[in-house]
Chemist: 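I'd like to ask some things about the structure below.
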Amino acid sequence: MKAVIPAAGLGTRFLPATKAQPKEMLPVFNKPTIQYVVEEAVSSGIDDILIITGKGKRTIEDHFDRSFELELSLRNSGKIEALKEIEAISDMADIYYVRQKKQKGLGDAISTAKNHIDGEPFAVLLGDTIAQSNVPCTKQLMDIFYKYEATTIAVEKVPEEKIERYGIIKGSCISDSVYKIEDMVEKPSISQAPSNLAITGRYILVPEIFDHIKEVEPGVGGEIQLTDAMKSLDESYGYVFEGKIYDIGNTFEWLKSSIEIALTDDNVKYDLRQYLMELLK
Ligand code: G1P
C-alpha cells in the first residue's frame, strides 16, 4: 500500500510561526512534525510515500533529501551517531512530491495523488497531525481495512467544544471500536453534529474516492472537502484507534505534544519533570 501525506495547507491557525515556514516543519520536541508522520507510515510497512506540497513548502523536500555538506562535516568531526541519524532520514522511504497549485481544500489536495496511486487502496496521513500509539495508527487502520475491504477512517471521541473543528461521523457500533458510517459532516455546529466522533487525520481510502472528489461541490470554507467526497462512498468504517492524536496546526495542541513526547524521552524526561514541578509549585 502507498501513503499520501497532504502538506499543502497554509497554516493560518499558527501565525506568525508559519508565515515563512511550513507548519509541517514545526519541531515537536526534537523532530519536525512531518518526520513523525513519515515514520508512522514506514513503521506501518509502507515504503512509497507521496507528499502533497504547495507554495512555500520546499524545506519539506530538503529535510528528506541527502545533505552532503552536513554529512561530510559530521563525518570529519567524528559525530558518527548524529551522522547515522541524518542519513536515516533520507533513506527511510521512497518519497515523491506533487504540488497542489491552489489551496482548494483537502479533497482537492488528495485528487492530485490520482496518477501516483494508480487504482489501488491507499493510506492518507495528514502532515500536521501526529499519532502516538504502540501499534502505529495507520497499521491499525490497515488491519480494519483488510477485514471489511472498505474505506476506514480513524475517529476519536472529542469534547463538545472541539466538534466544530473536525469532520464528524454518524455511525452504528458494529464491534469493538468499529463504527459502520451512515453519514458524515464537515465541521458542523454543536447542534448539527450527529455524534462526538471526530475524523482525526488518518484514512485508508479506496481509489474510487477520486471519482467522488470530482463530483463534490465546494463545501465548508468554499473548499473541496474530503469528508463530502467520502460521504457518497457505498461503505465506510470509523475506527476508534488505540493511541493519542495531536493536531499540530493548533498552538495549544502543539505545545502539549512537545511536552508529552519529551516526557517519553529517556534523555530529558527526568529533568523536564523536575522543571515542570518547580514551575508549578
Ligand atoms: C481536516 C478534515 C477534517 C478532519 C481534520 C482532522 O480538516 O477536513 O474532516 O477532522 O482535518 O485534523 P482541517 O483540520 O484540515 O481543517
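We count ligands from 1, going down the list as the structure has it; atoms in each ligand are counted the same way. Worth knowing before you read on, the calculation uses all heavy atoms, side chains too, and leaves out hydrogens, waters and symmetry mates. It should be emphasised that the depicted structure is a prediction, and the values quoted were computed from it without experimental measurement.
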Chemist: With only distance considered, is Gly167 within less than 3.5 Å of ligand 1 through an N or O on each side?
Modeler: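 N/O-N/O distance below 3.5 Å exists for this pair.
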Chemist: Which ligand 1 atoms does Lys187 reach within 4.0 Å, using its non-hydrogen atoms?
Modeler: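 Contacts of ligand 1 toward Lys187, numbered from 1: 7 (O), 13 (P), 16 (O).
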Chemist: Just jot down the ligand 1 atoms closer than 4.0 angstrom to any heavy atom of Tyr166, in number order.
Modeler: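 Within the 4.0 Å cut-off of Tyr166, ligand 1 contributes 6 (C), 10 (O).
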Chemist: Under a 4.0 Å heavy-atom limit, does Thr227 contact ligand 1 with its side chain, its backbone, both, or neither?
Modeler: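 Side chain only; the backbone of Thr227 stays clear of ligand 1.
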Chemist: What I want to check is whether the side chains of Glu39 and Gln35 have a donor and an acceptor closer together than 3.5 Å.
Modeler: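 Indeed, the side chains of Glu39 and Gln35 share at least one donor-acceptor pair under 3.5 Å.
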Chemist: Please list the nearest protein heavy atom to atom 14 (O) of ligand 1 with its residue and the distance rounded to 0.1 Å.
Modeler: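 Minimum-distance protein heavy atom for atom 14 (O) of ligand 1 reads Arg13 NH2, 3.9 Å.
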Chemist: With sequence neighbours excluded, give me every salt bridge (Lys or Arg N to Asp or Glu O under 4.0 Å) pair touching residues 197-211.
Modeler: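 For residues 197-211, and leaving out neighbouring residues, the salt bridge (Lys or Arg N to Asp or Glu O under 4.0 Å) pairs sorted by first residue read Glu40-Arg202.
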Chemist: Classify the side-chain pair Asn196/Glu160 by whether it contains a donor and acceptor separated by less than 3.5 Å.
Modeler: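 Side chains of Asn196 and Glu160: no pair found under 3.5 Å.
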Chemist: Do the ring centers of Phe145 and Tyr239 come within less than 6.0 Å of each other?
Modeler: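 Ring-ring flag for Phe145/Tyr239: false, centres at least 6.0 Å apart.
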Chemist: Please determine whether any non-hydrogen atom of Arg165 lies less than 4.0 Å from an atom of ligand 1.
Modeler: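 Per 4.0 Å heavy-atom rule, Arg165 does not contact ligand 1.
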Chemist: Please say whether Glu186 places an N or O atom under 3.5 Å from an N or O atom belonging to ligand 1.
Modeler: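 Yes, there is a polar N/O contact under 3.5 Å.
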Chemist: Pairs in or reaching into residues 234-246: which pass salt bridge (Lys or Arg N to Asp or Glu O under 4.0 Å), with residues at least two apart or in two chains?
Modeler: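 Residue pairs with at least one partner in residues 234-246: Lys244-Glu260.
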Chemist: Strictly by modelled atom types, are His212 and Asp228 linked by a side-chain donor-acceptor pair under 3.5 Å?
Modeler: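 There is no such pair between these side chains.
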Chemist: May I ask whether Leu126 places a heavy atom under 4.0 Å from ligand 1?
Modeler: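 The answer is yes, since Leu126 has a heavy atom less than 4.0 Å from ligand 1.
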Chemist: Kindly say whether the aromatic ring centers of Trp254 and Phe14 come within a distance under 6.0 Å.
Modeler: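 Judged by ring-centre distance (under 6.0 Å), Trp254 and Phe14 do meet the cut-off.
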Chemist: Is there a protein heavy atom at a distance of less than 4.0 Å from atom 11 (O) of ligand 1?
Modeler: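 Given the 4.0 Å cut-off, atom 11 (O) of ligand 1 counts as touching protein heavy atoms.
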Chemist: For atom 5 (C) of ligand 1, what is the closest protein heavy atom, and at what distance to 0.1 Å?
Modeler: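 Looking at atom 5 (C) of ligand 1, the protein heavy atom closest to it is Ile199 O, 4.0 Å.
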